[in-house]
*Asks:* 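For reference, the structure I am asking about is given below.
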Amino acid sequence: MLNGELLYKGSEEEPFADFIKMAYKNLETDYSKFFKMDSLSKLAFLGADVLLKHENVVPEMEENIALVFSNNASSLDTDRKYQKSIEDNDNFYPSPAVFVYTLPNICMGEISIKHKLYSENSFFIFENFNPDYLYAYSAGLIEENKAEKVLCGWVNVDKEEYTAFLYLVTKEKTEIPHTIKEINSRY
Amino acid sequence: MHKIYLSYNNIVSSFGFNSNDAVTKIKDEITSLKLVNNKALMPESFYSSLVDKEKLEKEFASLNSKNKYTTLEKMMILSLSKVISASKTKITERTGLIISTTKGNIDALEVNSTHNEDKAYLSELGKAVKTHFGFLKEPLVLSNACVSGVLATSIAKRLIKQDLFDSVFIVSGDLVTKFTVSGFNSFQALSNEPCKPYSKNRTGINIGEVAASILVTKDISNLAPEAVEILGDGTANDANHISGPSRTGEGLFRSVNSALKEAKILASDIDYISAHGTATIFNDEMEAIAFDRLQMNKTPLNSLKGYFGHTLGASGLLETIIGMHSMHKNILFASLGFDEIGVSKTINVIKNSAAKNLTIFLKTASGFGGCNTAAIFKKVKH
C-alpha cells in the first residue's frame, strides 16, 4: 500500500520469497542487486523504493534523507540461516555473502547505495512498534539540521512473518502533522 | 540549550572489571590480546581478548542476583551496575537506557546452548537489563554494525535534547562467538597475529570482547573527573558498498564534517583522533584518505584495536571511554602494533605514549552497511 492505495496484493498462503519476487516484478523495480539481498533487505528496499520514487527522489539530487528503521527480530531470519551453516564442524560452510546480512542495518546500506543517500542511518530494536522513539529521534534530526527528510518506520522479517511500515518525515509542513498519534493511526 | 556530557563509565574486559584496569595497562602499552586455542570457537588458534569467565562469575555473584542470565547479560549488568552506583543516579521516568550491540546473545542459537533460543532476540537482552535495574521506560536497543558504540552516545544526546530524558545510561557489548569469528574468517579478514593498524605489514583484524557502559547526562553538578562535553556528532553512509569501505572515504569525511559543523570548530582545533583502525588493508586506507581530505594529516591519531581487538558493538564506546581517560591524564596513548606507515596518505599515528595537553578529541568508527560515525568531545574544566 502507498498512501492508503493498494499497489500489489500477494496471496495469503504464498511464501515470503514468492511474494517479494512478484511484488518486485509488479512494482517495476529494475535493480539486479535485489536478488543478492536477504529477505529483510528485499522487504526494506522495496518499501523504500516505492515511497522514494513516489516522492521523485532521484540519485542525482543526493538528497539528505536520513534513514531511521526499527524492528523486533533484528537480522535473526538470516542469523538462523548462517548459524546452520557453521553448527556442524563436519559440515562447515560459512559464506561471507550470508554473513554480511547478519546485521539489520545492511538494508539501510542497500537503500543508500540505490538512492545515493550519504545520510544519517540508525537501526533500533524494540519488543513492539515504538513510535515514541521514532518520533523524537526523527524530529531531532530535522530540528538539528542533520537531515532534510527522514525515512522512518518498522521493517521486520521473522520466519514466515513479515511487515514493512515506512513513512517520510519532511521539514516542510504537509497535510499530515508529524505526531505520535498520526504515526500510530497509520501503523 | 543544555550542554550534554559523558560522565561515569566502566569497562569490563580481560584487563579487569573497571575502566582504570584497562587504562593503566594501555598507558604501559600492554595488550590483552592472546593466542586462543578453543575448538568450540575456531578449529585453528587465533588472537583474541576474552573476558575471564570464572572471574566474571565470581564478580557477578557479588550482585546477589537470583535470575539466570547469559554470559553477555552478566557482563553488561556488572558493567552498568558499577556506573549506576558510582553516579548515585536514582532511576526515574526521565532515565533512559540504550543497549548497543551487534549480535547480542547470538550464542543462544547454538545447538548446545543452555539458554532458550528466544534469548537471541535483542529485545530480550534489553528486557533482561531493564528488569535487573528497574528502568521504567523501554530500552532502545541499537544494532548498527561497528559504529553502534559511538552512535549510541549521539542518540543519547539527541534524545536528551528532545527532552525525552534527563540522563541516559548506555551499556554496550558483544561476545566472541563461533558466529562472529567464523564470519570474519570467511571474509579472510582475521589476522593470525596481533593486529597492526595502519602498518605496512598489517594482516587484518582480531575480534575481542568487552562490555562498556557510560552515563550521558545534562546534569553538570555531579560529573566524573574524566567527564567530557559532547560538542557535535554525525553519521553518514558511504552509499557505495555493503561490506567494502569507500575508496574515497566519503561517509567518514561527511560524518566528521557534520560533527565539526555542529561543534562550531575547525578540524585544526582537534588535539587527538581516536580512530577506528581495524587493521584490514581497505579500512585503514579508507580512513587515511578521509583524514587527508579533512586536512588532519598532522593530528595525533591512534587505533586501540591493538589492545582489545575489534569489540564490535562495544568498540566505539570502549574507545570513547579510553579517549576520555587519555584526555584527563593528558597522555596520548600509543597505537599498539604500529611500526611502519602502510597507507597512501600522511597520517600521524602515535608510536609511543607521550604527554600532551589535550582539550578536544574526535572519535570515529566505520562499519558494514557503509555506515560511519564521528563524535567530538571536549574536556570539562572542574
Side-chain angles (χ1 to χ4, degrees), chain A residues 41 59 62 66-67 72-76 79-80 82-89 92 94-128 130 132-133 135-137 139-141 143-146 158, chain B residues 39 43 99 102-104 106 109-111 117 120-127 137-145 147-148 151 154-155 158-159 161-164 178-180 182-188 234-243 250-251 254 258 261-262 367-371:
Chain A
S41 284
E62 291 187 12
L67 304 177
N72 165 254
S74 178
S75 54
L76 264 178
D79 295 357
R80 292 186 188 109
Y82 181 77
Q83 181 65 34
K84 270 198 193 116
S85 75
I86 59 160
E87 193 68 69
D88 183 358
N89 279 345
F92 188 78
S95 149
V98 178
F99 182 68
V100 70
Y101 286 101
T102 62
L103 292 164
N105 64 297
I106 298 298
C107 68
M108 300 189 297
E110 296 284 15
I111 295 164
S112 303
I113 294 167
K114 165 83 195 293
H115 298 279
K116 285 278 164 260
L117 304 177
Y118 299 96
S119 51
E120 290 268 346
N121 281 194
S122 33
F123 207 109
F124 306 148
I125 316 292
F126 302 117
E127 194 173 0
N128 297 300
N130 189 322
D132 296 29
Y133 281 120
Y135 169 78
Y137 193 66
L141 286 174
E143 274 168 39
E144 290 172 39
N145 290 315
K146 293 291 181 187
D158 194 5
Chain B
K39 298 268 183 293
I99 315 265
T102 63
K103 297 312 310 158
I106 194 67
L109 290 187
E110 293 171 9
V111 171
E117 209 190 303
Y121 283 90
L122 297 184
S123 56
E124 290 296 312
L125 171 64
K127 210 190 282 178
K137 289 286 176 70
E138 182 180 6
L140 183 152
V141 182
L142 174 70
S143 186
N144 216 84
V147 308
S148 301
L151 182 55
S154 161
I155 292 171
R158 290 168 183 177
L159 293 178
K161 278 200 166 178
Q162 284 296 306
D163 204 31
L164 218 59
K178 191 177 181 184
F179 192 104
T180 47
S182 66
F184 281 100
N185 200 36
S186 77
F187 267 98
Q188 300 184 321
T235 291
N237 200 288
D238 287 329
N240 171 62
H241 199 279
I242 53 167
S243 60
E250 193 60 33
R254 289 187 189 227
S258 166
K261 191 176 162 201
E262 182 183 353
F368 276 172
C371 48

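Proteins get letters first, then strands, A, B, ... in listed order; numbering begins at 1 in each.
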*Asks:* Report yes if the side chains of B:Ser258 and A:Lys146 come closer than 4.5 Å at any heavy-atom pair, otherwise no.
*Replies:*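 Side chain of B:Ser258 against side chain of A:Lys146, heavy atoms only: contact under 4.5 Å found.
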
*Asks:* Side chain, backbone, both or neither: which part of A:Ser74 has an atom under 4.5 Å from a heavy atom of chain B?
*Replies:*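 For A:Ser74, the side chain is the part near chain B, not the backbone.
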
*Asks:* Most heavy-atom pairs under 4.5 angstrom with chain A, which of B:Ser186, B:Cys371, B:Gly234?
*Replies:*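 With the most close heavy-atom pairs to chain A, the winner is B:Ser186.
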
*Asks:* Taking B:Gln162, B:His241, B:Glu117, B:Lys261 one by one, which has the highest count of heavy-atom pairs under 4.5 Å against chain A?
*Replies:*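 That would be B:Gln162.
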
*Asks:* Can B:Ser148 and B:Asn144 be counted as having a side-chain donor-acceptor contact under 3.5 angstrom?
*Replies:*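 Judged by distance alone, the side chains do not pair up.
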
*Asks:* Can you tell which part of A:Asn130 gets under 4.5 Å to a heavy atom of chain B, answering side chain, backbone, both or neither?
*Replies:*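 Just its side chain gets close to chain B.
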
*Asks:* Considering only heavy atoms, which portion of B:Leu109 lies under 4.5 Å from any heavy atom of chain A: side chain, backbone, both, or neither?
*Replies:*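 Contact with chain A involves both backbone and side-chain atoms of B:Leu109.
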
*Asks:* With a 4.5 angstrom heavy-atom cut-off, which part of A:Ile111 approaches chain B: side chain, backbone, both or neither?
*Replies:*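 Neither part.
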
*Asks:* Which atoms of B:Glu138 come close to chain A, meaning under 4.5 Å heavy atom to heavy atom: side chain ones, backbone ones, both, or neither?
*Replies:*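 For B:Glu138, the contact with chain A is made by backbone and side chain together.
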
*Asks:* Indicate whether the side chain of A:Tyr82 and that of A:Ser95 have a donor and an acceptor atom separated by less than 3.5 Å.
*Replies:*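 Judged by distance alone, the side chains do not pair up.
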
*Asks:* Do A:Leu76 and B:Tyr121 have side chains that approach each other closer than 4.5 Å (heavy atoms only, starting at C-beta)?
*Replies:*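 Yes, their side chains come closer than 4.5 Å.
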
*Asks:* Who wins among B:Ser154, B:Gly126, B:Gly104, B:Ala236 for the most heavy-atom pairs under 4.5 Å with chain A?
*Replies:*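 Among the listed options, the one with the most contacts to chain A is B:Ala236.
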
*Asks:* Classify the side-chain pair B:Asn240/A:Lys116 by whether it contains a donor and acceptor separated by less than 3.5 Å.
*Replies:*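 No, A:Lys116 and B:Asn240 have no side-chain donor paired with an acceptor closer than 3.5 Å.
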
*Asks:* Is the shortest heavy-atom distance from the side chain of B:Phe187 to the side chain of B:Ser243 under 4.5 Å?
*Replies:*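 The answer is yes; the side chains approach within 4.5 Å.
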
*Asks:* If you tally heavy-atom pairs under 4.5 Å against chain A, which of B:Lys103, B:Glu262, B:Glu250 wins?
*Replies:*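 Sorted descending by pairs with chain A, the first entry is B:Lys103.
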
*Asks:* Can you say whether B:Ile242 sits under 4.5 Å from chain A via the side chain, the backbone, both, or neither, judging by heavy atoms?
*Replies:*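 Looking at B:Ile242, backbone and side chain both touch chain A.
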
*Asks:* Would you check, one step at a time, whether the test salt bridge (Lys or Arg N to Asp or Glu O under 4.0 Å) holds for A:Asp158 with A:Arg80?
*Replies:* CA-CA 10 Å; A:Asp158 194 5; A:Arg80 292 186 188 109; 3.0 Å; yes

*Asks:* Does any backbone or side-chain atom of B:Pro139 lie under 4.5 Å from a heavy atom of chain A? Answer side chain, backbone, both or neither.
*Replies:*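 For B:Pro139, the contact with chain A is made by the backbone alone.
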
*Asks:* Please classify the contact of B:Leu164 with chain A as side chain, backbone, both or neither, using a heavy-atom distance under 4.5 Å.
*Replies:*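 For B:Leu164, side-chain heavy atoms alone lie under 4.5 Å from chain A.
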
*Asks:* Under 4.0 Å between a side-chain nitrogen and a carboxylate oxygen: does that hold for B:Lys161 and A:Glu143?
*Replies:*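 Between A:Glu143 and B:Lys161 there is no salt bridge, as every charged N stays at least 4.0 Å from the carboxylate O atoms.
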
*Asks:* Salt bridge or not between B:Lys127 and B:Glu124? Use side-chain N to carboxylate O under 4.0 Å.
*Replies:*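 A salt bridge links B:Lys127 with B:Glu124.
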
*Asks:* For B:Ile155, is it the side chain, the backbone, both or neither that has a heavy atom under 4.5 Å from a heavy atom of chain A?
*Replies:*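 Looking at B:Ile155, backbone and side chain both touch chain A.
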
*Asks:* So which of B:Thr180, B:Leu142, B:Leu140 has the largest heavy-atom pair count under 4.5 angstrom toward chain A?
*Replies:*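 Looking at each option in turn, the highest pair count goes to B:Leu140.
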
